[in-house]
Structures are given as structure tokens and as C-alpha cells.
Amino acid sequence: MIVPHTTDTTVPNRTVRKAVVPAAGLGTRFLPATKATPKEMLPVVDKPAIQYVVEEAAAAGLDDVLMVTGRHKRAIEDHFDNAFELEQALAAKGDAVRLDAVRDPARLANIHHIRQGEPLGLGHAVLCARRHVGDQPFAVLLGDDLIDPRETLLSTMLDVRERYAGSVVALMAVPREQIHLYGCAAVTPTEEKGLVRVTGLVEKPSPENAPSAYAVIGRYVLDPEVFDVLDRTPPGRGGEIQLTDALQNLATDGTVHGVVFDGLRYDTGDKADYLRTVVRLACDRDDLGPEFIDWLKGFVAEWEGGEGAGRRRLAA
């Protein structure tokens, strides 16, 4: 596998410095919780999901982050801004731990915001970043996909971009029956383990028509050429401008690589996966994990011992 596990926090000097985080979705799968709260702001333990994404970008050396938001997303802007009154209150109490936690989001990177006027798809959201990005390569990180902070996927993708130019996508092998939930890549191997050349992409194919079991997950490093391609890409699946369609166009020229990832990834775009994410990350915390794991063991034992079955009968 090309993605090594490391705790090295040094960041090499790369040409890619900017990240784009699309965050304009309506979050309909989490209604009514997302009626007034952006889905990106749903808490994962004690931080909103989108903060994990920005932390990942910053850890990889991307110090300029553009968030593409929509209406009713003001909470995202507020979260990554200073909160003077709250900070003053915490400072007056001498609560240094919570004060740092409140200040951290605004210190992660230079964070900018732009609105996607219409929900026209991921490709359109990326196109909204054109003026900010200019003619530089850039990363795109989707807020539904959280990569464990101990993994080095994004840094590896940036290194691949430095060596081969073009664009780079993150790929993960998924069961065939799940491939219809993702963009899917047709690939050919390279001499480098865990690195493939992408020869084609298709958005959410049926299992029988999928060119492989490699799903495109929410990390991209894109050449600025993608903007011209997106500009002339017509609406595709769902009537939206699909980033997958633009990458398919680029892949025909042999300029798209894929990094195969088999590390820890958490999906917060689905209710059940969101709950699993919260539990797994809580268990991994030194301050919460031991006590929470003990409680989980007792809860599961009670549930399997009949108490859960009794509750289900009462609910029915």
C-alpha cells in the first residue's frame, strides 16, 4: 500500500497550498436535525465534522482553505471565526483548556468562504472556487468523509501530484454491491505499489456495469485544468454538474492517478455510519475511551441478555 502510517508531523515544501471544502449540501438525510443546523456542523464527539476536515488539510500543509457554502450555513463561518465574548468569559474563569478549544478553529488556516448560489452539484461547487484558486493545483476535501488523523492519505496524494503532475484521486476497494453509492474508477497498475493510473470514471454505476471495485472517496488533488473542463461539462446524473464527469475527460489523456487507501475512514453522510463514527472516535480518546468502552460492554451485555429484546417488544 502506498499510504504509510506515520506520526511524523513535518510538512515538506509543496506547490499545492490551497484546499477547497464543498459544504453547500442541504443535509436532507439528517432532517430534522439539519433544518436549522448545517450537516457539516453536526458534532462528532465534541467537534463538528467539518473541523476534522480542516485539521486534516492543515496537517498536510494546506494553509489556505476555501469553504463553498450555501444559504443557512452561517454557523460554519462563525465556527471558524473568533468569538470575542466567549473567549473573554473563558479567560476570566481561567479555563485555559476550553479557551484553546474555542480558539483552535480560527487558527488552523487562512479560511475563506464563498456561496454556491444554486445546488448544481459537486462539479459546480468546485467551479465556484476558480477565482480563488487561480492557476494553481489544489486539493478538494469532502466533509462527509473523515480520514483518521493518524493516516497520511492527503500528504501521499500531494506527493504523487508533485512527482507526476496531473490530478490525483483517492480510491478505496468496496464490496461490489455498494459501488452504486460512489463514483467508480477503471484503473491500470503502475510499478509503484498502491498507485494506479485512472483510465476512466463513472458516477454511481450498477454493480454489473462497474469497471472495478474501486470507489472514489472524498479526497482529490486537482490540476487547474479541471476548471476549463468543468466549464464545458453539461449536467449529468441527477441534473447536476458532476466532478466525476470532468475527471473522466482528464483521464482519457492519462493525467489522472489514483492512490489506493485501506486505512481508517469514517463516513458521516449516513445516519448509521455517523453513529459508528462517533462511537469509534470516542473510544479512541484517552479522556473518554476507557470509561465509555466499559459502559458499552455493559450495555451490549444487557441488550444481548434479553433486556434489548424486551424493549423492542414494548416498542412494537
Side-chain angles (χ1 to χ4, degrees), residues 15-27 38-40 49-50 53-54 56-57 60 62 64-71 73 76 109-145 147 153-154 157-158 160-161 165-171 182-185 198 200-204 215-253 255-259 269:
T15 58
V16 183
R17 307 300 302 180
K18 294 184 177 181
V20 175
V21 181
L26 298 176
K39 69 172 183 176
E40 297 84 5
I50 198 167
V53 175
V54 177
E56 179 188 353
L62 305 181
D64 186 306
V65 177
L66 175 68
M67 296 190 182
V68 183
T69 63
R71 294 182 61 205
K73 299 280 184 165
I76 296 176
N110 294 318
I111 298 175
H112 313 267
H113 305 269
I114 190 173
R115 283 194 174 185
Q116 182 184 16
E118 300 178 75
L120 297 178
L122 176 59
H124 181 262
V126 172
L127 193 55
C128 289
R130 185 173 199 167
R131 180 172 294 184
H132 182 82
V133 169
D135 59 357
Q136 303 174 45
F138 62 104
V140 175
L141 296 85
L142 303 190
D144 286 351
D145 276 332
I147 303 299
L153 171 62
L154 184 56
M157 295 174 68
L158 294 170
V160 171
R161 158 69 200 191
S167 296
V168 187
V169 299
L171 303 176
Y182 301 88
C184 179
V198 177
L201 294 112
V202 58
E203 182 68 14
K204 297 180 178 179
V216 181
I217 59 175
R219 297 295 181 270
Y220 310 80
V221 178
L222 301 178
D223 189 88
E225 182 186 2
V226 75
F227 290 127
D228 287 335
V229 179
L230 283 168
D231 212 20
R232 59 177 184 265
T233 298
R237 188 181 181 95
E240 298 181 337
I241 298 174
Q242 299 289 349
L243 180 59
T244 302
D245 293 341
L247 289 171
Q248 159 65 20
N249 186 300
L250 295 175
T252 60
D253 295 331
T255 59
V256 179
H257 284 85
V259 171

Look up atom CZ in R17 and atom CG in L62, then write down how far apart they are to the nearest 0.5 Å.
7.0 Å
Sub-4.5 Å side-chain heavy-atom contact between V216 and L247:
no
With sequence neighbours left out, write down each residue that passes side chain to side chain donor-acceptor pair (under 3.5 Å) with D231, or none if nothing qualifies.
none
Testing the basics here: between D145 and G218, what is the closest heavy-atom pair and its distance to 0.1 Å?
OD2-N, 2.6 Å
Hits for ring-ring contact (aromatic ring centres under 6.0 Å, His included) against F227, two or more places apart or cross-chain, chain-then-number order -> F138
Smallest separation among heavy atoms of A170 and L153, with atom names:
CB-CD2, 4.0 Å
A129: side chain to side chain contact (heavy atoms under 4.5 Å, CB included) partners, not counting sequence neighbours
V20, L66, V133
Heavy-atom distance under 4.5 Å between the side chains of V169 and Y220, does that happen here?
yes
Closest non-hydrogen contact found for L250 with T255 is O-OG1, 3.2 Å
To the nearest 0.5 Å, tell me how far K18 NZ sits from Q136 CD.
4.5 Å
To check you understand the geometry: which heavy-atom pair defines the closest contact between P22 and A125, and what is its length?
CB-CB, 4.2 Å
Does any part of the side chain of M67, heavy atoms only, come nearer than 4.5 Å to the side chain of I76, both counted from C-beta?
yes
To the nearest 0.5 Å, atom CG of D135 lies from atom CZ of R130 at 10.5 Å
Only pairs at least two apart or in different chains count here, so list each salt bridge (charged side-chain N to carboxylate O under 4.0 Å, His left out) that has a residue in residues 110-129.
none
Between D64 and H112, is a side chain to side chain contact (heavy atoms under 4.5 Å, CB included) present by the stated rule, with each step listed?
CA-CA 8 Å; D64 186 306; H112 313 267; 3.4 Å; yes
According to side chain to side chain donor-acceptor pair (under 3.5 Å), who are the partners of T244, at least two apart in sequence or on a separate chain?
E203
Rounded to the nearest 0.5 Å, what separates atom NE2 in H257 from atom OG in S167?
11.0 Å
All salt bridge (Lys or Arg N to Asp or Glu O under 4.0 Å) counterparts of K73, not counting sequence neighbours:
E40
Partner residues of Q116 under the side chain to side chain donor-acceptor pair (under 3.5 Å) criterion, sequence neighbours left out
H124
Residues which pass salt bridge (Lys or Arg N to Asp or Glu O under 4.0 Å) with D245, listed by chain and number, not counting sequence neighbours:
none
So do the side chains of L120 and E240 get within less than 4.5 Å of each other, counting heavy atoms only?
no
For L243 versus V126, what's the shortest heavy-atom pair and its separation?
CD2-CG2, 4.4 Å
For D223, check salt bridge (Lys or Arg N to Asp or Glu O under 4.0 Å) against everything at least two apart and list the hits.
R161
Side-chain heavy atoms of L171 within contact of I217, under 4.5 Å:
no
Does a side-chain heavy-atom distance below 4.5 Å link V160 with V259?
yes
Residues passing the side chain to side chain donor-acceptor pair (under 3.5 Å) test with E225, sequence neighbours excluded, are none
Heavy-atom closest pair (L154 atom, A57 atom, distance to 0.1 Å) is CD2-CA, 4.0 Å
Just one of L142, I241, V68 clears the side-chain contact (heavy atoms from CB on, under 4.5 Å) bar with L122, so which one?
L142
Side chain to side chain contact (heavy atoms under 4.5 Å, CB included) filter on R232, not counting sequence neighbours, yields D228, V229, N249
